[in-house]
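Before any comments, here is the structure.
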There are 2 protein chains.
Amino acid sequence: MATDDLMTRALETLAEDDLPSVEAIHRLTDLAGVPESMTIAEVADVLDISPHTLRYYERAGLVEVARDGNGHRVYDAGAVRRLVFLTRMRLSGMPMRDLQHYVSLVDAGEHTAPERLDMLLEHRDTIRRRIRELTLSLTAVEFKIATYGGSTGPDARPPGAATGA
Amino acid sequence: MATDDLMTRALETLAEDDLPSVEAIHRLTDLAGVPESMTIAEVADVLDISPHTLRYYERAGLVEVARDGNGHRVYDAGAVRRLVFLTRMRLSGMPMRDLQHYVSLVDAGEHTAPERLDMLLEHRDTIRRRIRELTLSLTAVEFKIATYGGSTGPDARPPGAATGA
DNA sequence: GTTTGCGTTCGAGCGCGCTCGAAGCCCTAG
DNA sequence: CTAGGGCTTCGAGCGCGCTCGAACGCAAAC
């Protein structure tokens, strides 16, 4: 699935466009597969989202994209990197509003780094909470599956296989 | 519904968790403490959803609720148990449509148990995928956080110093 | 008797995140 | 020369899951 690809990429390139030290990390990672510039169709394909959605993100102010002589979008490496980041954040549940705020902070300059860090910390906690919720639900569903069609009596089997991942 | 009995047992096994968002459900897992019948306000309170939402679920055909002499809803233990199940499934991302289908199968009789089991298996896999997605995103965010305070410039600060979350 | 308060029904509205359609431009292939 | 395909902009529409408001009923409290 493309999302796993995406995630791998995100892990490798999860960087911010404005941090030199992180830029160094980028170079260490496999960003070589990303061309200098890409069309909207190519970016859509690699991110596994639609061109419509890419235009929507641009309209929403999440990313700036240059145009070529024909007025067609030209995504440079920076834009693609940002979109990888944005897609990952969306996928993990960060609202558009927050992402808009985040990129406005990025664009505002280096002095907003602390606030951006706060946002990331908060989002990290949100993801952790969500994972715990889902793990709990998963356990419940697995238990229900394990006992389905079996005995409906009080001596149900313990959810031995219920802690799998 | 025997299956819901099992569900509540499954929930009991999770009682040691302390997730705030499902705290209300945990309270309910001790079915001994659940009254014979409850008002809409009581059910809303214990499930941590609004009376509006409860009426909406009923309108959607997810649960049948009797009325008292004044036309007020009276939730019996069976209705509450089903709502616990439904709430958990919603929380773990099962769409309303699927729940409507599931409930229709339950109402259709015991011979639909296999199909219900299939739905549960599929939902289990969906939850697992989602957890994996989130875990990957979490790793990415944690990595970004870890690299944020490194050398972000003159006013760099150690990560965690601004834990406002 | 009147007020307070919780309940009822019904349908409409909302916030989110896309998703799509229309009209038009540009390039290339046949 | 024409047809096709992919891009552009813009605004409207959609699917989901609630969320709310209006108008009303009943019952206990003051």
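Residue numbers start from 1 in every chain, and the chains themselves are labelled A, B, ... in the order their sequence lines are given, proteins ahead of strands. Excluded from the calculations below are hydrogen atoms, water molecules and symmetry mates; all remaining heavy atoms, backbone and side chain alike, are included.
- Across all strands, B/Pro51 comes closer than 4.0 Å to no nucleic acid atom at all (heavy-atom distances).
- Residue-level contact check: B/Arg73 touches the backbone only, with heavy atoms under 4.0 Å from sugar-phosphate atoms and none from bases.
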(request) Quick one, give me the B/S/- string for nucleotides 21-30 of chain D, reading 5' to 3', where B means a protein heavy atom under 4.0 Å from the base and S means that only happens at the primed atoms, P, OP1 or OP2. (result) -----SS---
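- Considering only residues two or more places apart in sequence or on other chains, B/Ser50 meets the side-chain contact (heavy atoms from CB on, under 4.5 Å) condition with B/His52, B/Thr53.
- Here A/Arg67 pairs with A/Glu58 under the side-chain hydrogen bond (donor to acceptor under 3.5 Å, both in side chains) rule; sequence neighbours left out.
- Residues that satisfy the side-chain hydrogen bond (donor to acceptor under 3.5 Å, both in side chains) test with B/Glu142, not counting sequence neighbours, are A/Arg128.
- A/Ser92 and A/His123 form a side-chain donor-acceptor contact under 3.5 Å, judged by distance and modelled atom types alone.
- Here A/Arg90 pairs with nothing under the side-chain hydrogen bond (donor to acceptor under 3.5 Å, both in side chains) rule; sequence neighbours left out.
- Scanning for side-chain contact (heavy atoms from CB on, under 4.5 Å) contacts around A/Val103 gives A/Leu62, A/Arg82, A/Leu86, with sequence neighbours left out.
- Across all strands, A/Arg55 comes closer than 4.0 Å to base atoms (heavy-atom distances).
- Taking A/Thr126 as the reference, A/Arg129 meet the side-chain hydrogen bond (donor to acceptor under 3.5 Å, both in side chains) condition, with sequence neighbours excluded.
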Pairs of donor and acceptor atoms involving the side chains of residues 93-101 of chain A, under 3.5 Å and at least two apart or interchain, shall be tabulated with distances.
from, atom 1, to, atom 2, distance (Å)
A/Gln100, NE2, A/Ala60, O, 3.2
A/His101, NE2, A/Glu115, OE2, 2.8

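- Heavy-atom distances under 4.0 Å link DNA chain D to A/Arg59, A/Arg67 of residues 56-68 of chain A, given in residue order.
- Applying the side-chain contact (heavy atoms from CB on, under 4.5 Å) test to A/Asp76 and every residue at least two apart in sequence or in another chain returns A/Ala79.
- Considering only residues two or more places apart in sequence or on other chains, B/Ala113 meets the side-chain contact (heavy atoms from CB on, under 4.5 Å) condition with A/Tyr148, B/Glu110, B/Arg116.
- Contacts between chain A and DNA chain C, taken as any atom within less than 4.0 angstrom of a protein heavy atom, begin and end at C/dC16 to C/dC27.
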